[in-house]
There are 2 protein chains.
Amino acid sequence: MPAPSPSPLPLLVDADCCAPLGVDPLDDGSAQQLAQAFKALADPVRLRLLSIIAAAPTGEVCACDLTGPVAKSQPTVSHHLKVLREAGLVASRKHGTWVHYRAVPEQLAALRHVLALDPVSGP
Amino acid sequence: MPAPSPSPLPLLVDADCCAPLGVDPLDDGSAQQLAQAFKALADPVRLRLLSIIAAAPTGEVCACDLTGPVAKSQPTVSHHLKVLREAGLVASRKHGTWVHYRAVPEQLAALRHVLALDPVSGP
DNA sequence: TAGATGTATTGACATTTATCGATGAATCGC
DNA sequence: GCGATTCATCGATAAATGTCAATACATCTA
């Protein structure tokens, strides 16, 4: 099995990536991996989707409730959700016809950790 | 003069932007502003440049010392530094023929703040 | 089984972006 | 002033990306 990975980007946490920016210069590989994660956040529609999901009281949001707030077509929203999923920022759970999305706190925490300047930014 | 702004993006901190993702869904304007900031981080070369600058013992790095480590042409590095500068992530200081770059901790802190899920993640 | 509904994928198109060579602008040493 | 050095800008080009209409897929209901 050469490429079994359904999720091309593992959690940064699982990859032990990376020290805070202010601590160590990034090597090329880590920079690539991090850039991919930040790329997922580098779109206003995806940021709004993620914030809606992350701020949901139940912790989950049906995909059917996401098309309206961001005012984009259903395929476009589906595309953005896929990008967020592949970046490890959200996870999805199928529930009959519907798909529910939830945020992945560990991945967000890993990105926060990288944006720190000092080593003591608390695990 | 419709667009006199030399620095298109003010510090997020100055703009009072934004609540952590887990607290409030982003409005369209904030999402645009944030996306622009994350876009600056969404490139491996820029991440490496930023990490080299942020990890420098003196707090500053000469632009002339940045071309080598990232293995890109001088115009390319200059372009990336401009993107980082316009995103408020680094600041530059001219010193004779040379230009020294330093990280802007406030902007990095603002982005870290946004990536939090809970309101209590420090001022 | 047939129709309806919620999601995902495909194909196409316009926009953005990363990259580099060539050139311009500012500054230093002589 | 003059050449050399450092950095920024310009112009061009290839690649990546956001968007939507059309279509396919999966699941529920009657």
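All chains are named by letter (A, B, ...) in the order of the sequence lines, taking the proteins before the strands, and each is independently numbered beginning at 1.
In this structure the side chain of L81(B) never reaches within 4.5 angstrom of the side chain of S78(B), judged on heavy atoms. Two residues are said to be in side-chain contact when any heavy atoms from C-beta on lie closer than 4.5 Å; C18(A) and L26(A) meet this criterion. Side chains of L115(A) and F38(A) form a contact here, defined as non-hydrogen atoms less than 4.5 Å apart.
Atom NZ in K94(A) sits roughly 7 Å away from atom C1' in dT27(D) (whole-Å rounding). dT19(C) atom C1' lies 12 Å from atom CZ of R46(B), rounded to whole Å. At whole-Å resolution of the value, CG in D65(A) and C1' in dG6(C) are 12 Å apart. Taking atom CD of residue Q74(A) and atom C1' of nucleotide dA22(D), one finds them 12 Å apart after rounding to whole Å. Counting to the nearest Å, the P atom of dT29(D) and the CH2 atom of W98(A) are 7 Å from each other. Between the NE2 atom of H95(A) and the C1' atom of dG6(C) there is a distance of 14 Å, rounded to whole Å. Atoms CG (L66(A)) and P (dT7(C)) sit 9 Å apart, rounded to a whole Å. For the pair L84(A) CG and dA8(C) P, the computed distance is 12 Å after rounding to whole Å.
Nearest nucleotide to the H80(B) side chain, out of dA8(C), dA8(D), dT19(C): dT19(C). Comparing dA8(D), dT7(C), dT5(C) by their nearest atom to the side chain of C64(A) picks out dT7(C). Nearest to the side-chain atoms of S78(B) among the listed nucleotides dC28(D), dA8(D), dT27(C) stands dA8(D). Taking the side chain of K39(B) as heavy atoms from C-beta on, and the options dT17(C), dA8(D), dA8(C), the nearest nucleotide is dT17(C). The side chain of P75(B) approaches dT9(D) more closely than any other nucleotide in the set dC7(D), dA8(C), dT9(D). Set against dC20(D), dA18(C), dG6(C), the side chain of K72(A) has dC20(D) as its closest nucleotide. Which of dT7(C), dT9(C), dG6(C) sits closest to the side chain of A63(A) comes down to dT7(C). In the set dC7(D), dT9(C), dG6(C), the nucleotide with an atom closest to the side chain of C62(B) is dC7(D).
The shortest distance between the side-chain N/O atoms of T76(A) and the OP1/OP2 oxygens of dG18(D) is not below 4.0 Å. Residue K82(A) places at least one side-chain N or O closer than 4.0 Å to OP1 or OP2 of dT9(C). Contact annotation: S73(A) side-chain N/O to dC20(D) OP1/OP2 distance is under 4.0 Å.
Counting any heavy atom pair closer than 4.0 Å across all strands shown, H79(A) reaches a base atom.
Judged by distance alone, with hydrogens and angles left aside, the side-chain atoms of R46(A) form no donor-acceptor pair with the main-chain N or O of L41(A) at under 3.5 Å.
Note: the hydrophobic cluster containing V23(A) does not contain L12(A) (ILVMFWY, side chain heavy atoms under 4.5 Å, direct or indirect links).
Between T67(B) and V77(A), the residue anchored nearer the 5' end of DNA chain D, judged by the nucleotide with its closest heavy atom, is T67(B).
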